[in-house]
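In what follows, every chain begins at residue 1, and chains take the letters A, B, ... in the order their sequences are listed. Keep in mind the model is a prediction, meaning the values are calculated, not measured.
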Amino acid sequence: MKKRTLVLLMLLCACFYMSGYAQGSAESETEYEASDETQKEAKSSFAVNFERSLDSYIPLKNHYNFYFTYKIVHPWWDAVALGIEEAQRQLLERGVTVTYEYMAPEVTSAQDQEMRLREAAASGDYDVIGADVADEALISPVLDELAEKGNKVMTFSSSDAGGDCRRIAYVGNTHNYEDGAQLTEALCEKLGYKGKVAILVGVEGAPCHEERAQGVKDTIAKYSDMEIVDVAYDQDSIDNAYQLTKEFLERFDDLAGIVCCNMSNPVGAARAVKETEADVVIVGMDHDKEALEDLRDGIIYCLGIQDCFSIGFDTIQVAVKIADGQLPGDLFPEKTQEVTTLIYQDDAEEMLANLYGVVQ
Amino acid sequence: MNNVTNRSIQLTTVIGAILISILVIIMSFSMFRGSAVSTDQAVERVSEFYLRELADRRAQVISSLIDTKVDQMQRAMQVISKEDLESVDSLRSFIGEIQTLYALDVLALADEDNVVYSRYSTYMGGSRYDFLSQDLSFSEPVISTINLYGGSKHICIVIPLKDLSFQGKDLKVCFVEIDIGTFAQSLAFGTEKNDTWFGLYYRTGENLTSIDFGPFDAGQNLLSSMKDTLNEDEWNSLKNDFETGEQGEAVFRYSSDLDTLYYLPVRDTGWMMTVLISGELIQDQVRGISDELLKTGMRFFILIGLALVVYFLLLYRHLHRRSSTLLKKEQENKMEIARRAEKSESELGVYKGLANKDPLTGVQSKLAYMEKVKMLDTEIQAASVSGLAILVGDLNGLKHINDTAGHAAGDEYLKAGAMILCRQYQHSPVYRTGGDEFVVVLQNTDYEHRKELLEQLNQQVEKNIGTDGVVISVGMSDFTPEDGAVKDVFTRADHLMYERKKQLKEMGAHARD
């Protein structure tokens, strides 16, 4: 009898132990998953969100054909293209085929863009025509004209059309002026709100570049001990940016800072500063790998990172809705704002890892 | 003596046992060490063989895959028709069909303006694909890799095109774009047990894939990461091999694990195929076999050791018994020898006594006298002689007695003469040195009283002349410092003896002649 009781007790203990162990395992697993989720969130929430998913909108057609044109063949727009490709892939998984053209000239040219837009409209092949406006003054009327002719027109990426343009929606950076101002505030604080500053801009007339440059100028103007010594355009060329910076450094011995308004500016500026070993603070835009490495190495003070991937992804989502005849409102805003995040030296490693898979 | 000998045997046995034990220990140690070295060598060879095989096969798979893609593209470009090139839609349709047929990720064509045509899109490829912006004078397929925004990497297998145009532009290349991550996953670059890893690296050490390589994160440069794990020469060798596309291996310790890296170039790609294996994996396997061999060896040595111990115990016992017996015999022999020696010595004394003694008169012989003279000469040479006198005596009338009364009477006469001298000089040795010649060596008491004793002797002799008693002529001489030997003293005594003999003749004693 005693033996039976003992065996029963042992069995009970074993069951209790096993159930406790199983519970513990389940808890551990849950914690792990949560932790993994947190990691994903952390990665996607830092400047660029690669974990995008389509919203719940159900397209009305099973095939769409779009035409997009942008300013210049440049890695920045390749990054936007990846967001477009991801949205296209996800739609394909839902049985919706999206075909598109994503075209640009080798050298920025508003005329080239105008020609492309007119040809696309003339072909009548596209559900939506999108433009990253190369020149606000020249392209806005063209877009109006296309819209007038019944084309569904949108703007995307870095530059919107003029304020009264009849394009249906814009997806992209809506705060270029603020980006320029924010970068400059960081520079001014770093310099103690005094010193001479030069401004590098990309393409003359390109709205995003000009807006940023204006943000820079207005911010500098706020501080009496700060002075803008020159403004120069590199035409989105790193070599030009390098040469222009060297000229700045030669002409202004006491140059304290350079504000770079596009992606090529900070790369060229940093090359010149490294070469001349000048003591100049550089702030700039975008995610060029070399610029991020310069940020990591302390050559560049800070960079404004735009979420290009989301710009591309949202461009397709909005284009599908526009093609279906939807208008800005509950389904999508007239301007889909994408985030720009200022990052500093401490963030450079993580950004290099996230964007380029580089681990030091 | 017995104890000492026993101890020697014990000591010899113990030293022998210790030496053999040391020998066994040295052999065991040597075997252990040899086994460890052999195991390491085996691990190295097995690792190298295993890794080379794995790397070779993976590299061949990659080369084969690339060849297949090239072949598929070439076939596709052979069958592309004018209709396929009439419009963007027809071209996309053709690309889609080929892509589906060959299960390709992305198939695309690019024209002279770097416009890329793919299944769903047409886009500018100049900034995305390096191979488009480079001089495209190549005639053979080219492998190119692209780093995409977001960290993923793709490989592009590119073939040049000729005599194909689309919308008035020459089509210059056809290419297949493959996500390296997917590509690597399809080659099973990781193992379930996480003990073998595969990687694809550029010659610069940069990882082509987004897959971790053993302890190295996907984004780490392999060469830079390994710099701290190798010495300078090893690292330079590794770097050089990568730069020149040579195969090789490197053994290194990362954290606490010993790992082996094997690398070899992938044909026509500029990539290095790498395989990393935890050294412990093969080592554990080989060590298991080695341990079994060692255990067997140890058992063998222990058995040999035990056998030797038993052998030495038995040997000790046998030697102990044998030595005891030998010792007993030896002792008996020694005792016998001692007994015989004692006997011989006794017999020698007898013979010696016989030789030194005159058998007729019982006084000491001439031989004894010569030994005495020799001894005294030594003392004289050493100037240690102080009181010494030599008395020389010669019996008168012995010939007459022999002639008249016979030799027996002569012998009795000699005995009587010797007796007179012995009685007179009781503390001195008397020697018969010739037929009727005697010598007495006077020292100590008799020397001190030599004159009185000589006077008494002469008076007795003179009395004997009248009674036909023993008449002996004697001369005595003392040792003087000028004497160099006994014979000097003897000569003077002998001369005096002749003087006396003359006197006694005049007194009526018989003379010799």
Given heavy-atom pairs under 4.5 angstrom as the criterion, report whether the side chain, backbone, both or neither of [X] touches chain B.
{"X": "A/F68", "answer": "neither"}
{"X": "A/N65", "answer": "side chain"}
{"X": "A/I84", "answer": "neither"}

Measure B/V116 against the heavy atoms of chain A and call it side chain, backbone, both or neither at under 4.5 Å.
-> neither
At a heavy-atom separation under 4.5 Å, does B/D113 approach chain A through its side chain, its backbone, both, or neither?
-> backbone
Could you tell me the separation between the [atom1] atom of [X] and the [atom2] atom of [Y], rounded to the nearest 0.5 Å?
{"X": "B/M124", "Y": "A/E101", "atom1": "CE", "atom2": "CD", "result": "11.0 Å"}
{"X": "B/D89", "Y": "A/D125", "atom1": "CG", "atom2": "CG", "result": "7.0 Å"}
{"X": "A/W77", "Y": "B/S127", "atom1": "CH2", "atom2": "OG", "result": "10.0 Å"}
{"X": "B/N147", "Y": "A/L355", "atom1": "CG", "atom2": "CG", "result": "12.0 Å"}
{"X": "A/T97", "Y": "B/R119", "atom1": "OG1", "atom2": "CZ", "result": "8.5 Å"}

Determine, step by step, whether A/E106 and B/N114 satisfy the side-chain contact (heavy atoms from CB on, under 4.5 Å) criterion, reporting the C-alpha distance in whole Å, the side-chain angles of both residues, the deciding distance to 0.1 Å, and the verdict.
-> CA-CA 10 Å; A/E106 293 289 341; B/N114 295 336; 4.1 Å; yes
For the residue pair A/F50 and B/Y149, establish whether any side-chain heavy-atom pair is separated by less than 4.5 Å.
-> yes
Over all heavy atoms of both residues, which pair between A/L82 and B/R128 is shortest? Give the atoms and the distance, please.
-> CD2-NH2, 4.1 Å
Audit row: A/Y64, B/Y120, ring-ring contact (aromatic ring centres under 6.0 Å, His included) steps and yes/no = CA-CA 10 Å; A/Y64 296 88; B/Y120 298 109; over 10 Å; no
Can you confirm whether more than 12 heavy atoms, excluding those of [X], are under 6.0 Å from its [atom1] atom?
{"X": "B/E232", "atom1": "CD", "value": "no"}
{"X": "A/N62", "atom1": "CG", "value": "no"}
{"X": "B/K239", "atom1": "NZ", "value": "no"}

Pair B/S121-A/Y102, side-chain contact (heavy atoms from CB on, under 4.5 Å): steps then yes or no = CA-CA 7 Å; B/S121 60; A/Y102 186 68; over 6 Å; no
